[in-house]
Amino acid sequence: MNLPDDLHVLLPAYNEGPVIADVIHTLREAGIVHIVVVNDGSDDETGQVARQAGAIVVDHLVNRGAGAAVQTGIELARQENWSYLALMDADGQHVAEDLAKLMANLKEQEADLVIGSRFLASQKGMPRDRKFYNGIANFLTNLLTKKNYSDSQSGLRLLNRKAIEHLDLQVDGFGFCSEMVVLAERAGLKISETPTSVIYTKYSTSKGQDFHVGVRTAFNFLWNTLFK
């Protein structure tokens with residue numbers, strides 16, 4: 001399936017200088033024209049390297065969190081009237097070719113938000129602690145949703161224009177993954193999942209949440225959603 005020309009790919013990035021150029025080049029090779037990096041207050045060369053690789057770069061002056069970077073990307077998509085916005089992690093763990101799977105699923109299911117699920121495909125190579133954390137986070141997220149989702153924490157997602165217009169995220173940290181699913185259901189958006197691949201390297205497993213931070217993030221999100 002050919003990807004539409006008006007697909008924009010958002011890479012929320014914090015200190016991804018060692019890999020961000022390779023991620024951008026891989027997206028280019030997959031036919032992605034519009035690549036936006038939200039440089040979330042990095043104290044390395046992430047922003048400079050991303051610009052040199054040809055991406056549009058939006059800079060946060062301070063590190064605000066992955067959710068804040070995604071908020072900035074969605075706000076830009078809303079302002080610029082983009083038709084489709086894909087979210088990908090900037091550490092190289094996602095496979096660019098999987099974007100075609102997300103787009104095909106969005107069209108076939110007439111979905112507004114498609115989540116690339118690691119748990120509907122082979123989990124080969126996924127660290128044991130990541131499996132455990134994602135299982136807990138899924139359980140807590142699914143307590144707040146009508147449907148059960150297999151990978152509510154996936155950073156690989158595709159939004160259509162309706163989702164771009166309706167998703168107003170408030171969580172600055174990693175809890176935005178759960179928040180997006182909950183808000184999408186509340187807004188009446190159709191959510192779908194499709195199996196996707198993931199590449200775990202020594203570099204990618206050193207990034208993101210560790211087990212304790214992940215569990216705390218999930219519980220804080222649940223508490224704030226229920227009682228705030």
Side-chain angles (χ1 to χ4, degrees), residues 1 7 9-10 12 66-67 70-71 73-74 77-78 82-89 93-95 98-124 126 129-198 208-209 211 214-228:
M1 175 182 181
L7 169 66
V9 175
L10 171 68
V70 171
Q71 291 170 36
I74 293 177
R78 196 176 292 138
W82 297 345
S83 298
Y84 302 101
L85 177 65
L87 311 179
M88 290 184 67
D89 291 345
Q93 69 172 285
H94 294 139
V95 178
D98 279 345
L99 290 171
K101 295 181 182 179
L102 269 66
M103 184 62 69
N105 186 281
L106 186 140
K107 298 291 188 181
E108 292 167 4
Q109 301 297 321
E110 298 183 344
D112 303 302
L113 168 63
V114 179
I115 300 172
S117 174
R118 298 161 290 183
F119 294 94
L120 293 177
S122 171
Q123 300 171 30
K124 183 179 179 181
M126 181 181 289
D129 62 342
R130 294 290 178 98
K131 289 182 183 180
F132 187 57
Y133 157 64
N134 278 284
I136 292 174
N138 267 338
F139 173 76
L140 294 175
T141 302
N142 288 333
L143 288 176
L144 303 172
T145 57
K146 298 175 183 178
K147 291 176 57 179
N148 284 332
Y149 299 94
S150 67
D151 196 357
S152 63
Q153 305 308 295
S154 172
L156 181 60
R157 303 176 179 219
L158 177 63
L159 289 66
N160 69 2
R161 183 64 199 175
K162 185 176 180 182
I164 291 169
E165 291 175 347
H166 283 83
L167 291 175
D168 185 16
L169 303 178
Q170 301 297 320
V171 175
D172 284 350
F174 285 107
F176 86 90
C177 292
S178 297
E179 182 192 27
M180 182 181 290
V181 176
V182 172
L183 291 180
E185 279 201 350
R186 290 178 179 175
L189 303 180
K190 183 173 181 180
I191 305 172
S192 182
E193 292 184 290
T194 193
T196 52
S197 305
V198 64
Q209 307 178 76
F211 172 74
V215 172
R216 187 167 64 249
T217 297
F219 275 103
N220 285 343
F221 170 73
L222 180 63
W223 179 267
N224 289 333
T225 301
L226 291 176
F227 301 110
K228 189 171 181 179

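We number each residue from 1, following the sequence as shown. None of these values were measured; they are calculated from a predicted model.
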* To do: Check the pair Gln71, Asp172 against side chain to side chain donor-acceptor pair (under 3.5 Å), reporting the backbone distance first and the verdict last.
  => CA-CA 8 Å; Gln71 291 170 36; Asp172 284 350; 3.1 Å; yes
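- Within the 4.5 Å cutoff, side-chain heavy atoms of Leu169 are placed close to those of Val70.
- Considering only heavy atoms from C-beta on, Asp151 stays 4.5 Å or farther from Leu120 through its side chain.
- Counting heavy atoms from C-beta on, the side chains of Arg118 and Pro195 never come closer than 4.5 Å.
- Although no hydrogens or angles enter the test, the distance criterion places a donor-acceptor pair under 3.5 Å between the side chain of Glu185 and the main chain of Lys146.
- The shortest non-hydrogen separation linking Pro12 to Ala66 is CB-O, 4.5 Å.
- Interatomic distance, CZ of Arg186 versus OG1 of Thr145, reported as 10.5 Å (0.5 Å rounding).
- The shortest side-chain heavy-atom distance between Ile191 and Met180 does not fall under the 4.5 Å cut-off.
- Under a 3.5 Å cut-off, the side chain of Ser150 and the backbone N or O of Phe119 do not form any donor-acceptor pair.
- In this structure, Asn160 and Lys190 have side chains that are not in contact, with every pair of non-hydrogen atoms separated by 4.5 Å or more.
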* Which is it for Leu156 and Leu99 under the side chain to side chain contact (heavy atoms under 4.5 Å, CB included) test, yes or no, and what are the steps along the way? -> CA-CA 8 Å; Leu156 181 60; Leu99 290 171; 4.0 Å; yes
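- For the pair Leu102 and Gly116, the tightest heavy-atom approach, listed with the atom from each and the gap, is CD1-CA, 4.2 Å.
- To the nearest 0.5 angstrom, Gln170 atom CD is 5.0 Å from Asp168 atom CG.
- Listed by chain and number, the residues in a side-chain hydrogen bond (donor to acceptor under 3.5 Å, both in side chains) with Glu165 are Arg161 (sequence neighbours excluded).
- For the atom pair OG (Ser152) and NZ (Lys147), the distance works out to 13.0 Å, reported to the nearest 0.5 Å.
- Considering only heavy atoms from C-beta on, Asn142 comes within 4.5 Å of Tyr149 through its side chain.
- Using a 4.5 Å heavy-atom threshold, the side chains of Ile115 and Thr196 count as separate.
- Contact record, Asp98 with Ser197: OD2-N, 2.8 Å, taken as the closest heavy-atom pair.
- The only member of Leu183, Leu113, Leu167 that meets side-chain contact (heavy atoms from CB on, under 4.5 Å) when paired with Leu189 is Leu167.
- Of the inter-residue distances, the one linking Leu159 atom CG with Leu87 atom CG reads 5.5 Å to the nearest 0.5 angstrom.
- In this structure, the side chain of His94 engages the main chain of Asp89 through a donor-acceptor pair within 3.5 Å.
- Looking only at side-chain heavy atoms (C-beta outward), Leu85 and Ile74 come within less than 4.5 Å of each other.
- Going from atom OH of Tyr84 over to atom CD1 of Ile164 covers 9.5 Å, rounded to the nearest 0.5 Å.
- Without hydrogens or angle criteria, Arg157 side chain to Cys177 main chain gives a donor-acceptor distance under 3.5 Å.
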